[in-house]
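The structure appears right after this line, and notes come after that.
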Amino acid sequence: MFLSVQPLNPVAIEIFGWPIYWYGLIIMLGGFLGYLLANQEAKRRGLPKDLILDLLIWAVPIAIVSARLYYVLFRLDYYLENPGQIIAIWEGGLAIHGGLIGAVITAIVFAKKRGVSFWKLADITAPSILLGQAIGRWGNFMNQEAHGGEVSRQFLENLMLPEFIINQMYINGTYYHPTFLYESLWSLLGVAILLYLRRVNLRRGELFLTYVIWYSFGRLFIEGLRTDSLMIFDLLRTAQVISIVLIVGAIVLIIYRRKTGQSDIRYLDDEPKKKSKNTKKK
């Protein structure tokens, strides 16, 4: 029996006839909350007041462009035939791995220009990046994309999902795996773990590399459920290949930096000392 289930409207509001899509608003929300989290930690770590904001001014637009470019390059045949669709980012098509490449390169250059350790900056922002990814996946939900293969309604109900998620996973007469949700929850759990690891006082750089390993490990398995994966030669899922490379690369970096003494400084080693409340004014 074909059910009449209406999907959620991907357009949040219209301003003077121009549609404002939920996809963009949700990604902006994820970025803003990530900024607040990173900025608070940066101030606690004694970094300049506007450092994170200055970084975002450069990193965000570059990350968006690189995320789109990455996506377009892996679907080049389609976009060569439909060049007008290249800029249609409100319809989706921002690849997280592409965005990360652009953001990391920007951060390396930015840190060098500002005389700040890239690894210190990366450790501070790691939980924020993952938080932004967790929230951003709900933009995919609104667009009914980044879902997995076919499932039954009973399967979704057994997951104890709210009705609005079940209904949104009903696309053209078929229910699908809510892989956007799996990745969002995995990322949120990762945020909690990274925030805890701050207190453990890991070696410098290892908080960020833990983020790389955590996200890549989850993406490796979740990507296997998806039906819209970018492919390499129609044989390998791009995100899975990249995830494996990142996991191995991060582990190698951790070992290399420890052996060469580049990670001898720990996360909390240079934390500014708080002034005692009992200090008497002279």
Arg204 backbone acceptor or donor facing Arg257 side chain under 3.5 Å = yes
Pro178 side chain near Leu161 side chain, heavy-atom distance below 4.5 Å = yes
For the residue pair Trp186 and Trp214, does the interplanar ring angle fall in the parallel (under 30°), tilted (30 to 60°) or perpendicular (over 60°) class?
-> parallel
Are Tyr211 and Ile129 close enough that some pair of their side-chain heavy atoms sits under 4.5 Å apart?
-> yes
How many angstroms lie between NZ in Lys120 and CG in Asp269, if you round to the nearest 0.5 Å?
-> 10.5 Å
cation_pi(Arg226, Phe180) dist<6.0 Å, angle<=45 = no
Does a side-chain heavy-atom distance below 4.5 Å link Leu195 with Arg198?
-> yes
Ser229 side chain to Met231 backbone, donor-acceptor under 3.5 Å | no
Worked check of side-chain hydrogen bond (donor to acceptor under 3.5 Å, both in side chains) between Tyr215 and Glu183 = CA-CA 9 Å; Tyr215 173 71; Glu183 188 171 322; 2.8 Å; yes
Show the numbers, then the answer: is there a side-chain hydrogen bond (donor to acceptor under 3.5 Å, both in side chains) between Thr174 and Glu150?
-> CA-CA 7 Å; Thr174 305; Glu150 296 182 15; 4.6 Å; no
Should Ile86 and Tyr71 count as side-chain neighbours, where that means a heavy-atom distance under 4.5 Å?
-> no
Decide side-chain hydrogen bond (donor to acceptor under 3.5 Å, both in side chains) for Arg137 and Ser184; before the verdict, give the C-alpha distance in whole Å, the side-chain angles of both, and the deciding distance to 0.1 Å.
-> CA-CA 6 Å; Arg137 276 303 179 197; Ser184 180; over 6 Å; no
Within 6.0 angstrom of Tyr256 OH, more than 12 heavy atoms from elsewhere = no
Distance, nearest 0.5 Å, that separates OG of Ser128 from CD of Gln133 = 11.0 Å
Ring centres of Trp58 and Phe110 under 6.0 Å apart?
-> no
Contact check, side chains of Gln240 and Phe221, non-hydrogen atoms, under 4.5 Å = no
Would you kindly say whether Ser152 and Gln154 are connected by a side-chain donor-acceptor distance under 3.5 Å?
-> no
If only atom types and distance count, is the side chain of Thr179 paired as donor or acceptor with the main-chain N or O of Leu225 below 3.5 Å?
-> no
Ring centers of Phe141, Trp138 separated by less than 6.0 Å = yes
Please confirm whether the backbone N or O of Tyr78 pairs with a side-chain atom of Asn82, one donor and one acceptor, at under 3.5 Å?
-> yes
Can any side-chain N or O of Asn140 pair as donor or acceptor with the backbone N or O of Ala146 at less than 3.5 Å?
-> no
Asn143 side-chain N/O to Glu145 backbone N/O, donor-acceptor pair under 3.5 Å | no
Start with the C-alpha gap between Tyr267 and Arg45, add the side-chain angles, then the distance that decides, and say whether side-chain contact (heavy atoms from CB on, under 4.5 Å) holds.
-> CA-CA 9 Å; Tyr267 184 77; Arg45 305 292 305 127; 3.9 Å; yes
Residue pair Ile247 / Ile213: nearest heavy atoms and the distance that separates them = CG1-O, 4.2 Å
Check: Asp123 side chain, Gly205 main-chain N or O, donor-acceptor pair, under 3.5 Å | yes
